[in-house]
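Inspection log for the structure reproduced underneath, given as structure tokens.
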Protein chains: 2
Amino acid sequence: MLETLAALANPHRLRILEVLHAEGRAYVSQLARKLGISRPLLHLHLKKLQDAGLVLSKMELSQDGKSLNYFEIVMFDIALNPASVADAARSLPLSTKYEISERDKHE
Amino acid sequence: MLETLAALANPHRLRILEVLHAEGRAYVSQLARKLGISRPLLHLHLKKLQDAGLVLSKMELSQDGKSLNYFEIVMFDIALNPASVADAARSLPLSTKYEISERDKHE
DNA sequence: ACAGCATGAAATAAAAATATTACACATGAA
DNA sequence: TTCATGTGTAATATTTTTATTTCATGCTGT
């Protein structure tokens with residue numbers, strides 16, 4: 001979940017999802033134009049979204065022979081509340097140093 | 001919503017919420033010990049959580065006269081899905097440069 | 001007076017994320 | 001061939017976030 005949250009915590013990436021949600025799908029250069037950002041930058045943000053499993057891409061050939069990389073949203077539905085967050089925290093790599101002093105044990 | 005996502009997208013802050021969820025509340029030094037991190041660092045993370053409205057604090061005096069700053073969770077329940085995210089994206093400060101080329105208009 | 005435990009905050013360092021610039025390569029059309 | 005379109009990546013710069021260090025304060029109890 002942490003990776004998903006990190007992937008969503010950026011204005012560009014929210015907008016990318018907004019466009020994909022509205023349009024169904026879009027290819028990279030097209031998306032870059034719609035958002036008004038450069039392709040390399042968009043590429044970085046798409047990679048994060050893809051690594052988090054929020055979008056997927058499919059290479060296609062247009063009629064005039066250009067290869068277009070189409071992106072679309074992978075459906076997700078996550079509940080964010082104290083319990084779900086606490087749950088996510090438990091499945092984090094523990095930070096070795098962790099010594100509970102007697103005083104704080106059950107408070 | 002962006003601020004909330006950013007506030008949640010960090011392992012320390014998830015753990016802070018985990019502890020507060022389990023314990024109900026905790027004061028700063030106590031929390032720092034439980035998490036095994038320094039007070040100044042914890043302070044920074046608590047500030048982010050508080051700025052995002054996910055926690056609140058209340059100063060109290062212990063019986064032996066020390067002032068303890070207790071933190072607790074502010075209840076939240078957010079649905080994260082393509083529609084809610086797209087919605088959040090729409091309420092972002094628009095990035096001035098935004099010129100839709102004729103070609104990409106309705107695709 | 002000093003130790004112990006609580007508070008906060010400023011200054012600095014380090015690390016990670018974001019953004020830009022510059023390449024390289026492929027295809028179809030003029 | 002050159003232009004316009006598409007693809008990607010590597011190197012660098014910039015900005016933001018995270019972390020540490022240091023300082024200052026207050027209150028008990030010995």
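Residue numbers begin at 1 in each chain, while the letters A, B, ... track the order of the sequences.
- Taking atom CG of residue B/L31 and atom P of nucleotide C/dA6, one finds them 12 Å apart after rounding to whole Å.
- Rounded to an integer number of Å, the gap from NE2 of B/H45 to C1' of D/dT20 is 12 Å.
- Distances were taken from every side-chain heavy atom of B/P40 (C-beta onward) to each of D/dG6, C/dA9, C/dT20; the shortest belongs to C/dA9.
- Atom NZ in A/K47 sits roughly 13 Å away from atom P in C/dT18 (whole-Å rounding).
- Closest contact between the side chain of B/D64 and the listed nucleotides D/dT28, C/dT20, C/dT7 involves D/dT28.
- Considering only side-chain N and O atoms, A/N69 lies nowhere under 4.0 angstrom from the phosphate OP1 or OP2 of D/dG6.
- One interatomic measurement links the two molecules: CZ of B/R39 to C1' of D/dT20, which rounds to 13 Å at whole-angstrom precision.
- Note on B/L68: only backbone sugar-phosphate atoms sit closer than 4.0 angstrom, heavy atoms only; bases stay farther off.
- C/dA24 atom C1' lies 14 Å from atom NE2 of A/H43, rounded to whole Å.
- Within the structure, a side-chain polar atom (N or O) of A/H12 is placed less than 4.0 Å from OP1 or OP2 of C/dA19.
- The structure places CG of B/L5 at 6.5 Å from CG of A/L14, a figure rounded to the nearest 0.5 Å.
- Rounded to whole Å, atom P of C/dG8 lies 13 Å from atom OH of B/Y70.
- The existence of a salt bridge linking A/R90 and A/D87 is confirmed by a sub-4.0 Å separation between a basic side-chain nitrogen and an acidic carboxylate oxygen.
- Distances from the side chain of A/K66 to the nucleotides D/dT18, D/dG6, C/dA6 place D/dG6 closest.
- In this structure, CE of B/M59 is placed 8 Å from C1' of C/dG8, rounded to the nearest angstrom.
- Listed nucleotides: C/dA17, D/dT17, D/dT20. Nearest to the side chain of B/K48: D/dT17.
- A salt bridge between A/R25 and A/E60 is present, with a side-chain N of the basic residue lying under 4.0 Å from a carboxylate O of the acidic one.
- Evaluated for a side-chain hydrogen bond (donor to acceptor under 3.5 Å, both in side chains) with A/H45, the options A/R15, A/R13, A/Q50 yield exactly one hit, A/R13.
- No contact: B/L61 has no heavy atom under 4.0 Å from any strand.
- The CG-P distance, from A/L2 to C/dA16, rounds to 14 Å in whole Å.
- Remark on DNA chain C: of its neighbouring residues A/Q63 and A/L44, the 5'-side contact belongs to A/L44, judged by nearest-heavy-atom nucleotide.
- Distances shown here put every side-chain N or O of A/N10 at or beyond 4.0 Å from the OP1 or OP2 atom of C/dA17.
- Tracing side-chain contacts under 4.5 Å through hydrophobic residues (I, L, V, M, F, W, Y), one reaches B/L92 starting from A/L41; they form part of the same cluster.
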